[in-house]
2 protein chains.
Amino acid sequence: MNYTEAKDKFISTWGALGTLWGINKAMAQIHALLWISPQPLSMEDIMEELHISRGNTSMNLRQLMDWGIVFKESKPGERKEYFASEKDVQELARQVAKERSRREIKPVIKVLREVSRIKGDGTKKTEELIKQTKALYELADNADTMMNKIVNQESKWLTKTLMKLIK
Amino acid sequence: MNYTEAKDKFISTWGALGTLWGINKAMAQIHALLWISPQPLSMEDIMEELHISRGNTSMNLRQLMDWGIVFKESKPGERKEYFASEKDVQELARQVAKERSRREIKPVIKVLREVSRIKGDGTKKTEELIKQTKALYELADNADTMMNKIVNQESKWLTKTLMKLIK
DNA sequence: TTAAACTTTCAATAATTACTGAAAGTTTAA
DNA sequence: TTAAACTTTCAGTAATTATTGAAAGTTTAA
């Protein structure tokens, strides 16, 4: 496998994974391209490499910036803007986890808490609703907390938690 | 919030979360409905409750069964088939993690390994491709392994790993 | 066997989501 | 200022994905 084959394989695989996880293909592919690019790229560069339109490129770059994993850079003396990816894999993971938690998981946890706290009325179906949504609430809340802690590299927390587990 | 409101809120929230994570709405909603149902439901029951067609119901129930989180049940003396959800939240998480890992993560890890192992040719762009995909490979591989271990409740592994971390 | 009761399949269609390209907007050098 | 160089927006269109419903398939009781 030569450079071009490897690059294309990486970009298309990353795009496909994105699609499977609810991220649009162009957005994932732009991210992949910037992730492996040694230098920042202009909009033209991206459009040309991925064969996508100016509008599409602009919209998805904005989203990537909203996610905090792509940054605008200006080269001195040039009018054009360049775009660069966050390059540190830990920071990438941290940022993605943080945003998915904030936008998608936390709101669901809130609903699960509300729903699981309705008053029981003695019927079986209400009991079951409460029991099952409560279980989901506890799982989601724990997983969310743990993920955020791990990804925030709060090693003190991790160590403390582990100590408790072992004792 | 009464029972019906809570039920509807849970089902629609679960459906919306599914959509965000690349799972179709009907599939997520059928799962939600069975998750809180005290007894197995027939196809008719599901169609009626969620206002979806027979074909849609049948196809999505099959997918849920493929994921290993919904099961067919037959009541003695009845021709009709009934469907029930896995009810244990740990087992649900275990199963979903296992399937997403197998179907989606493992194949991507394989590609990342291949791509990150191409021969360097001394150019900057090839070095960057190798470095960045290798970093992603290591992150994904570690995360996948850890998730599977945690979710498989391999507490021995967890304890050992934690001991190492603390020392 | 057969026919009623039920489930699955799949071609057609609807709904959703993504993408384009040109017009409008913005920035900056002169 | 203004006009060139660039980016953003968004209405229209394309592509993808989900859904329907009826025909085909399956199962079982008699």
Side-chain angles (χ1 to χ4, degrees), chain A residues 11-34 39-67 70-84 103-104, chain B residues 11-34 39-67 70-84 103-104:
Chain A
I11 291 172
S12 78
T13 301
W14 208 236
L17 181 65
T19 299
L20 245 27
W21 286 73
I23 287 154
N24 101 30
K25 196 178 70 170
M27 182 171 157
Q29 290 192 339
I30 293 172
H31 175 255
L33 178 61
L34 295 174
Q39 69 283 123
L41 301 180
S42 70
M43 230 160 77
E44 295 287 344
D45 295 335
I46 296 167
M47 288 165 59
E48 197 174 310
E49 178 75 43
L50 302 178
H51 305 102
I52 58 178
S53 72
R54 190 173 295 284
N56 198 5
T57 307
S58 171
M59 277 161 38
N60 284 109
L61 278 170
R62 178 143 57 104
Q63 283 213 73
L64 286 164
M65 290 186 288
D66 289 346
W67 275 70
V70 162
F71 313 101
K72 223 179 241 185
E73 295 196 2
S74 351
K75 293 194 182 179
E78 277 204 65
R79 180 88 54 98
K80 213 185 287 181
E81 285 172 328
Y82 288 82
F83 299 89
R103 301 171 186 214
E104 299 162 6
Chain B
I11 290 172
S12 77
T13 301
W14 209 236
L17 180 65
T19 298
L20 245 27
W21 286 73
I23 286 153
N24 103 29
K25 196 178 72 171
M27 182 171 157
Q29 290 191 340
I30 292 171
H31 175 254
L33 178 61
L34 294 175
Q39 68 284 121
L41 301 180
S42 69
M43 228 160 78
E44 295 288 342
D45 294 335
I46 296 168
M47 289 166 58
E48 196 173 308
E49 179 74 43
L50 303 177
H51 305 102
I52 58 180
S53 71
R54 189 173 296 283
N56 199 5
T57 307
S58 171
M59 277 162 35
N60 284 109
L61 277 170
R62 178 145 55 107
Q63 283 213 72
L64 286 164
M65 290 187 287
D66 289 347
W67 275 71
V70 161
F71 312 101
K72 222 178 241 185
E73 296 196 1
S74 353
K75 293 195 182 177
E78 276 205 65
R79 179 90 52 102
K80 214 184 290 184
E81 287 172 328
Y82 288 81
F83 298 89
R103 300 171 187 215
E104 298 162 8

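In the text below, chain A, chain B and the rest are named by the order of the sequence lines, each starting its count at 1. Computed from heavy atoms alone, side chains included, the values below leave out hydrogens, waters and symmetry copies.
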Nearest-nucleotide comparison on DNA chain D, the residue closer to the 5′ end among A:M43 and A:R79: A:R79
Over how many whole Å does the gap from B:M65 atom CE to C:dT8 atom C1' extend? 11 Å
Atom-pair distance (CZ on A:R54; P on C:dA23), nearest Å: 14 Å
Any strand, both distances under 3.5 Å, Watson-Crick or G-U wobble: C:dT26 pairs with D:dA5
Please lay out, stage by stage, how A:K80 and A:K75 fare under the test side-chain contact (heavy atoms from CB on, under 4.5 Å). CA-CA 8 Å; A:K80 213 185 287 181; A:K75 293 194 182 179; over 6 Å; no
For B:R62, which contact category applies under a 4.0 Å heavy-atom criterion: base, sugar-phosphate, or nothing? sugar-phosphate
Taking a pair to mean Watson-Crick or G-U wobble geometry with both distances below 3.5 Å, C:dC19 pairs with D:dG12
If D:dT19 has a Watson-Crick or G-U wobble mate with both distances under 3.5 Å, name it; if not, just say none. C:dA12
B:K25 vs A:K72, nearer the 5' end of DNA chain D by closest nucleotide: A:K72
Does A:N56 have a side-chain nitrogen or oxygen under 4.0 Å from the phosphate oxygens OP1 or OP2 of C:dA18? no
Let me know the distance between CE of A:M47 and P of C:dA22, rounded to the nearest Å. 12 Å
Specify the residue among A:N24 and B:M59 whose closest nucleotide of DNA chain C lies further upstream toward the 5′ end. B:M59
Nearest-angstrom distance from the residue atom CE of B:M27 to C1' of D:dT17: 15 Å
